[in-house]
2 protein chains.
Amino acid sequence: MKPTVHDIARSAGVSLATVDRVLNGRPGVRHVTRERVEQAISSLGYVRDVAAANLAKGRTYSFVFVLPNYDNSFMIGIRDEVHAAISRSGAERTQIRIVEVPPFDAAALADALNHIVPDRPDGVAFVAVEGLEVHAAVAGLKDAGIAVVTLVSDLPGSERDHFAGIDNHAAGRTAANLLGRFTGGRDGRIAVIAGSMLVRDHRERLEGFLAVMGESFARLDVLPVMEARDNPALTAEVVSAALGRYPDIIGLYSLGAGNRGMLHALREVAREARPVVVAHELTATTRAALSHDLIDAVLNQDAGHEVRSAIRVLKGKVEGLSVIAAQERIRIDIFLKDNMP
Amino acid sequence: MKPTVHDIARSAGVSLATVDRVLNGRPGVRHVTRERVEQAISSLGYVRDVAAANLAKGRTYSFVFVLPNYDNSFMIGIRDEVHAAISRSGAERTQIRIVEVPPFDAAALADALNHIVPDRPDGVAFVAVEGLEVHAAVAGLKDAGIAVVTLVSDLPGSERDHFAGIDNHAAGRTAANLLGRFTGGRDGRIAVIAGSMLVRDHRERLEGFLAVMGESFARLDVLPVMEARDNPALTAEVVSAALGRYPDIIGLYSLGAGNRGMLHALREVAREARPVVVAHELTATTRAALSHDLIDAVLNQDAGHEVRSAIRVLKGKVEGLSVIAAQERIRIDIFLKDNMP
DNA sequence: CTGAAAGCGCTTACAG
DNA sequence: CTGAAAGCGCTTACAG
């Protein structure tokens, strides 16, 4: 039988309360007693039953998710996943609240984070926007003993405990590789459409993309990035314009969330003249476009994984555990039409 | 506060024992009583605390994993994951045993399955090999009330409860798509190296591969499949021979586990003359080959996911729950050198 | 057919 | 610094 606290208590000749103190590193145990208990723990090979501990603690973790009120499919997916987590709250002993902020707005984000401090939740997860005020707000949360995780977009150099998102640099490299290979040795131009270079994840994707293009596909000429703020109409317009102006565009990398607009522009082009297209995030839109050969490959980050990982890490931080990096790494999925899930 | 069994008992005016009987569909409750309790359950919005239930039950699930004693990296990975699950046994209330059988041997597999019946475990997971005797063995397990899941390779048409593995047909299609695209419009031959067409997963991959090759890449001429029983030396030999005989092989699909041998043969070929290569399973070998541009893409099934999914499904079956298909679907991962995890 | 009581493996006031 | 007792939300003999 698996040893329990009772076995340890008996073996060490102490009470359950003392075993518990040692087990949880709580103060108020004489050194010799502690040692006796630790001895018993290791010699019996005790390992704590987390479920039972949680049941006894009756503890619930309070977390706040700060998300942009931004209606692209991916962000909607993230919100849905947070709601799914909320609906699992009972079983997972969490209490999760969502705070919405305007997108791409450092001041508003910092403000929202600062307002959370007095509530003293156990942890906060947020989609980072860069800005000194955001760094300061993170420091404020940490000072208040609140665990902090960035989600989807990171804030390196800040005091956040963890980033739950993909390596966007690697995503950009992967996109370049696919686009380079899929264009099959032909010469030509590559167009890149982004949301905004002010957002870190877009910037990193572009960097990775350009690096591989330079290293491995010198025959391809990458046009200056077009920033269309993930706005469908604007995206459609700039993509149309670019395709009109450069008939030798043979590849298109959509690294932001403007896929609907991009597809609109692409449909205007005769099938044989369409460029190879790599886009981000598997949504209803990109899924349909993959099946209809309008998009050739989709890079995806799994919103469910990200949200669940964020929650797991926050819980761990509250418990003072360290993150198991390998387990919490969010993968860059590649989907072609044949391996869509 | 979340309602508990106590709340239901109070609200329905019955004892905890009766609540428990209704909750778990156990007999011995008068119809009217049962209705009263059910009414309370739904009106209070009760949802059972599974962790507490498990604690009280003290139940452990006994499972047997029947695995081929086959030393390719992927199978070793599967075994490692089962061992990892065994080491989590305490926390997960499972008791898992591994039974090894010779690979590709239907009679031996059926024998092993038959021998498990008298032990009456709660569930069995096994890597299927086709054969009537295996179907019969599965029927025997099911007759004994044992949950049955196939792992990695399926046995459709049998009475198994679930298959924990990828859609190999889709994997083959994906491979064809990648290979077709990566060869970039050039004409030439494609070589396919497999373990054995007697194994269902290999056969399905080939079918999917050939289907897409026929549909979309008529310019490519697929050579007859080479079966090398996943044997490194033999694989090296046949691949070398093929490359020697057909200098216009521009693509290679390795759909089995013979990657080490294949790589050996590839390294003999001048860098510029090397074909585009798509292989299966991310292992130390294929990982290194990806980094060194010897392999261009790896399709992967996550052994950890498969094993954990198998265990989850077995537990669910024992509890009489139905599988949430979407959650248990095993993905076909695509890895290029830039998005390796 | 129904209920009172004990127990699963922990944690937590409270008392000393 | 240490311990006895109660309790977390369930389940399980046992008795009636």
Just list the side-chain donor-acceptor pairs under 3.5 Å for residues 110-119 of chain A, sequence neighbours left out, or say none.
{"unit_1": "A:Asn114", "atom_1": "ND2", "unit_2": "A:Ala110", "atom_2": "O", "d": "3.1"}
{"unit_1": "A:His115", "atom_1": "ND1", "unit_2": "A:Asp111", "atom_2": "O", "d": "3.0"}
{"unit_1": "A:Asp119", "atom_1": "OD2", "unit_2": "A:Arg97", "atom_2": "NH2", "d": "2.9"}

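By the salt bridge (charged side-chain N to carboxylate O under 4.0 Å, His left out) test, B:Glu281 is found to be paired with B:Arg205, residues two or more places apart in sequence or in another chain being considered. Looking at residues two or more places apart in sequence or on another chain, you find a side chain to side chain contact (heavy atoms under 4.5 Å, CB included) between B:Ser11 and B:Ala40, B:Leu44. Partners of B:Ala53 according to the side chain to side chain contact (heavy atoms under 4.5 Å, CB included) rule, which considers only residues two or more places apart in sequence or in another chain, are B:Arg48. The side chain to side chain contact (heavy atoms under 4.5 Å, CB included) search around A:Arg34 returns A:Val22, A:Val29, A:Glu38, not counting sequence neighbours. Every residue two or more places apart in sequence or in another chain that forms a side chain to side chain contact (heavy atoms under 4.5 Å, CB included) with A:Asp167 is listed here: A:His169, A:Ala170. For B:Phe74, there are no ring-ring contact (aromatic ring centres under 6.0 Å, His included) partners at least two apart in sequence or on another chain.
Applying the side-chain hydrogen bond (donor to acceptor under 3.5 Å, both in side chains) definition to pairs two or more places apart or across chains, those involving residues 136-163 of chain B are B:Lys142-B:Asp161, B:Thr150-B:Asp154, B:Asp154-B:Arg160. Pairs of residues two or more places apart, or lying in two chains, never qualify as side-chain hydrogen bond (donor to acceptor under 3.5 Å, both in side chains) while including a residue from residues 75-87 of chain A.
Where DNA chain D pairs in unbroken runs of 3 or more (Watson-Crick or G-U, both distances under 3.5 Å), the stems are C:1-3 with D:14-16, C:5-12 with D:5-12, C:14-16 with D:1-3.
Of the residues near DNA chain D, B:Ala17 and B:Ala52, the one whose nearest nucleotide (by heavy atom distance) lies more toward the 5' end is B:Ala52. Ranked by how close their nearest DNA chain C nucleotide is to the 5' end, B:Arg36 and A:Val5 are led by B:Arg36.
Under a 3.5 Å cut-off, the side chain of B:Asn54 and the backbone N or O of B:Ala51 do not form any donor-acceptor pair.
Among the atoms of the strands shown, only primed sugar atoms or phosphate atoms (P, OP1, OP2) are found under 4.0 Å from some heavy atom of A:Asp49. Within the nucleic acid shown, A:Val50 has no heavy atom closer than 4.0 Å to any nucleic acid atom. Using a 4.0 Å heavy-atom criterion, one finds that A:Val19 contacts no nucleic acid atom at all. Within the nucleic acid shown, B:Arg21 comes within 4.0 Å of at least one base atom, counting heavy atoms only.
The closest side-chain donor-acceptor pair between A:Ser309 and A:Glu328 falls under 3.5 angstrom.
For DNA chain C, the span of nucleotides reached by chain B at under 4.0 Å from its heavy atoms goes, 5' to 3', from C:dC1 to C:dG9.
Contacts with DNA chain C (heavy atom under 4.0 Å) in residues 22-34 of chain B: B:Gly28, B:Val29, B:Arg30, B:Thr33, listed by number.
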